[in-house]
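Just so we're clear, the structure is a prediction, and the values are computed from it rather than from any experiment. Below, chain A is the first sequence line, B the second, and so on; all start at residue 1.
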Amino acid sequence: MARILITSAIPYINGIKHLGNLVGSQLPADLYARYMRQRGHEVLFLCATDEHGTPAELAAAKAGKPVAEYCAEMWATQKALSDGFRLSFDKFGRSSSVQNRALTQHFAGKLDDNGLIEEVTESQVYSHADGRFLPDRYIEGTCPNCGYEHARGDQCENCTKQLDPTDLINPRSAISGSTDLEVRETKHLYLKQRSLRGQLSDWIDSKTDWPVLTTSIAKKWLNDGDGLQDRGITRDLDWGVPVMKGTAPWPGMEGKVFYVWFDAPIEYIACAKEWTDADGRPDAEWERWWRTDKGADDVRYVQFMGKDNVPFHTLSFPATLIGSGEPWKMVDYIKSFNYLNYDGGQFSTSQGRGVFMDQALEILPADYWRWWLLSHAPENSDSEFTWENFQASVNKDLADVLGNFVSRVTKFCRSKFGTDVPDGGAWGDDEAALIARLETGLRAYETHMEAMEVRKAAGELRALWVAGNEYLQSAAPWAVFKEDPARAAAIVRLALNLIRLYAVISRPFIPDASAAMLAAMKTEDDGWPDDLAAALGVLEVGHSFDVPDVLFAKISDEERDTWAERFSGVRD
RNA sequence: GGGCCUGUAGCUCAAUUGGUUAGAGCAGAGCGCUCAUAACGCUUUGGUUGGGGGUUCAAGUCCCUCCGGGCCUACCA
């Protein structure tokens with residue numbers, strides 16, 4: 001039995017996430033966590049909300065609430081939605097937790113002890129009307145290069161020229177529109193990543209099994225131009241982890257907080273402490289996952305994230321861990337995803353374009369979304385959601401191939417033998433062929449799941465469902481029954497067992513339907529089918545079952561069209 | 001501007017890293033079955049692998065070039 005630590009990129013707090021966010025990290029992470037648990041491994045699956053930073057402050061202001069209150073409410077909302085999607089986190093924490101505050105301050109102190117922190121005085125734009133320093137991209141003005149009037153302080157979206165906020169003509173606050181701006185000097189802490197470049201580079205080079213998407217981004221940052229740059233890890237904001245040197249004050253840094261990208265990944269660790277603290281358990285129980293000197297040396301750590309998060313997970317966070325000089329567990333594998341597009345364009349939070357997590361659950365059960373999203377996960381390139389494709393895939397795969405299989409088997413049995421597993425007959429060539437087919441397919445499925453090849457795993461699972469229908473067609477119990485009812489009973493007995501088998505192996509993808517199938521078969525035996533012949537005999541002669549309700553109702557053309565219309569524009 | 005990824009059947013995607021005739025699912029066509037959610041099974045049509053050029057005994061795969069899509073470029077997260 002292995003020990004597997006799994007983290008999903010932590011979603012930002014400023015709103016409800018859309019399906020593109022979901023499929024890019026949390027959902028595939030959940031698939032992997034569920035599968036590994038089923039295979040008997042010890043899994044710790046962590047996620048949290050990422051709560052600090054300017055966008056959170058602005059979202060709270062827009063909602064007319066104190067930022068702490070806003071974040072608490074949004075955390076509860078996101079938690080409810082992750083439950084709704086059956087995301088099986090062992091702990092869904094908060095980056096604003098006291099645990100993360102302490103740990104973030106601890107890391108900063110250690111980095112300073114090791115000579116890796118430098119104080120830098122720099123110039124920042126301050127907005128009197130907004131009462132805050134403005135990040136570069138929150139300053140708007142006319143591009144000096146092309147004359148575009150809505151250029152941002154970091155880059156002009158029109159001509160793509162990189163800018164400095166002071167380059168802008170007629171600069172104004174993108175928040176309030178105020179032109180009452182002033183360049184002020186302010187002091188910040190920088191993490192001297194340059195001095196860790198060699199160690200980071202060696203570490204990345206040792207990861208030969210990582211996806212190209214992951215390593216190429218990391219190497220770009222390591223080697224491009226002058227190489228890896230030092231990075232500011234503090235900000236002039238109210239909402240965040242106060243800058244402290246461990247538990248001691250940091251002279252000159254009063255009133256400042258750590259940069260959200262410094263404290264957010266540390267929450268992966270702090271979340272584990274939130275997990276044990278919630279039950280009053282000792283620190284040793286989370287440290288055995290995170291400290292290689294306290295039992296974590298045999299842990300395999302896998303991270304899931306969208307491609308935009310890669311630099312922070314391959315360089316910034318590892319720099320924090322390495323620079324601390326302490327034996328923290330480093331990531332072993334990064335599974336990164338491309339983006340899911342929506343019907344010819346991008347999902348857009350600001351424009352309300354696409355389907356958001358709350359809306360998705362309003363119109364259909366979680367399993368429908370889980371199946372489609374995972375079987376179309378954007379692993380090798382961006383992929384696209386269309387209502388036509390969604391309807392066709394879900395109806396065919398879930399309703400026709402799997403759902404109808406359960407229906408036809410249970411109803412046939414009820415009409416000919418009643419609702420107990422029937423006695424009589426024996427297995428023959430059809431059964432041998434089926435078992436051989438399942439053996440091949442199931443081992444391929446296991447291989448893909450181990451390798452986190454999500455789409456391939458989905459395809460193989462579906463093929464296993466199809467194999468059940470092929471078997472029925474070949475064995476034809478409805479025809480055999482007329483001449484040889486005992487033989488028909490043997491076929492039906494196996495088919496009923498196949499339903500239980502499908503429930504077990506399908507659970508990582510469609511946990512609710514899996515539970516419904518097990519409930520209908522009136523069994524709690526959900527052991528993994530290492531021995532297929534044995535697994536197909538678990539439900540014995542005389543075992544009672546129910547004919548379940550339709551597992552997956554089909555999506556009608558009318559529903560499809562209604563939803564396509566509803567989600568095309570502004571969020572209601 | 002620079003870097004990276006990507007373009008394969010009407011649609012969504014494969015192709016053991018240069019090796020037989022480029023494969024699946026869906027959609028389409030035909031046949032079969034009648035237990036089942038008008039479901040299932042079998043067979044089948046469909047491709048100048050974005051265009052052009054090159055290397056090689058051999059190219060979807062490597063090189064050059066052009067065209068299209070996407071991402072990143074360090075103060076959004």
Nearest to side-chain heavy atoms of A/Lys220, which nucleotide of B/C40, B/C76, B/G3: B/G3

Would you check if there is a donor-acceptor pair between the side chains of A/Glu51 and A/Tyr70 at a distance under 3.5 Å? no

Could you work out which one of B/U12, B/C75, B/G70 sits closest to the side chain of A/Lys307? B/G70

Does B/U21 have a Watson-Crick or wobble partner in any strand here, with both distances under 3.5 angstrom, and which is it? none

Are the ring of A/Trp478 and the six-membered base ring of B/C35 within the stacking cut-offs of under 5.5 Å and under 30°? yes

Distance test, side-chain N/O of A/Arg137 to OP1/OP2 of B/C76, below 4.0 Å: yes

By nearest atom, which of the nucleotides B/C26, B/U37, B/C76 is closest to the A/Asp154 side chain? B/C76

Out of B/C11, B/C42, B/U37, which has the shortest distance to the side chain of A/Asn389? B/C11

Checking base pairs now: Watson-Crick or wobble, both atom distances under 3.5 Å. What partners B/A77? none

Across every strand shown, the nucleotide meeting Watson-Crick or G-U wobble geometry with B/C71 (both distances under 3.5 Å) is B/G3

Searching all strands shown, indicate the nucleotide that pairs with B/C40 (Watson-Crick or G-U wobble; both distances under 3.5 Å). B/G32

I'd like to know if A/Trp221 reaches the base of B/A74 with its side chain, counting only an N/O donor and acceptor under 3.5 Å. no

Please classify the glycosidic conformation of B/U17 as syn (within 90° of 0) or anti (everything else). syn

Shortest side-chain distance from A/Lys456, nucleotide among B/A77, B/U12, B/A14: B/A14

Considering only heavy atoms and no angle criterion, is a donor-acceptor pair shorter than 3.5 Å present between the side chain of A/Asn404 and the base of B/A36? yes

Separation between the C1' atoms of B/C13 and B/C76, rounded to whole Å: 33 Å

Tell me whether the centres of the aromatic rings in A/Phe405 and A/Tyr471 are closer together than 6.0 Å. no

Measure from the side chain of A/Glu470, starting at C-beta and using heavy atoms only, and say which of B/G41, B/A39, B/C72 lies closest. B/G41

Decide if the gap between the ring center of A/Phe317 and the ring center of A/Trp261 is smaller than 6.0 angstrom. no

Of the options B/A77, B/C75, B/G25, whose atoms approach the side-chain atoms of A/Arg235 most closely? B/C75

Classify the side chain of A/Glu384 versus the base of B/C11 as yes if they form a donor-acceptor pair under 3.5 Å and no if they do not. no

State, without any angle test, whether A/Ser393 and A/Asn389 hold a side-chain donor-acceptor pair at a distance under 3.5 Å. yes

Which nucleotide in the set B/A74, B/C35, B/G41 lies at the smallest distance from any side-chain heavy atom of A/Arg408? B/C35

Taking the side chain of A/Asp136 as its heavy atoms from C-beta onward, which of B/A77, B/C75, B/C40 lies nearest to it? B/C75

Are there over 12 heavy-atom neighbours, none belonging to A/Glu182, within less than 6.0 Å of that residue's CD? yes

So does A/Gln473 reach the base of B/C42 with its side chain, donor to acceptor, closer than 3.5 Å? no

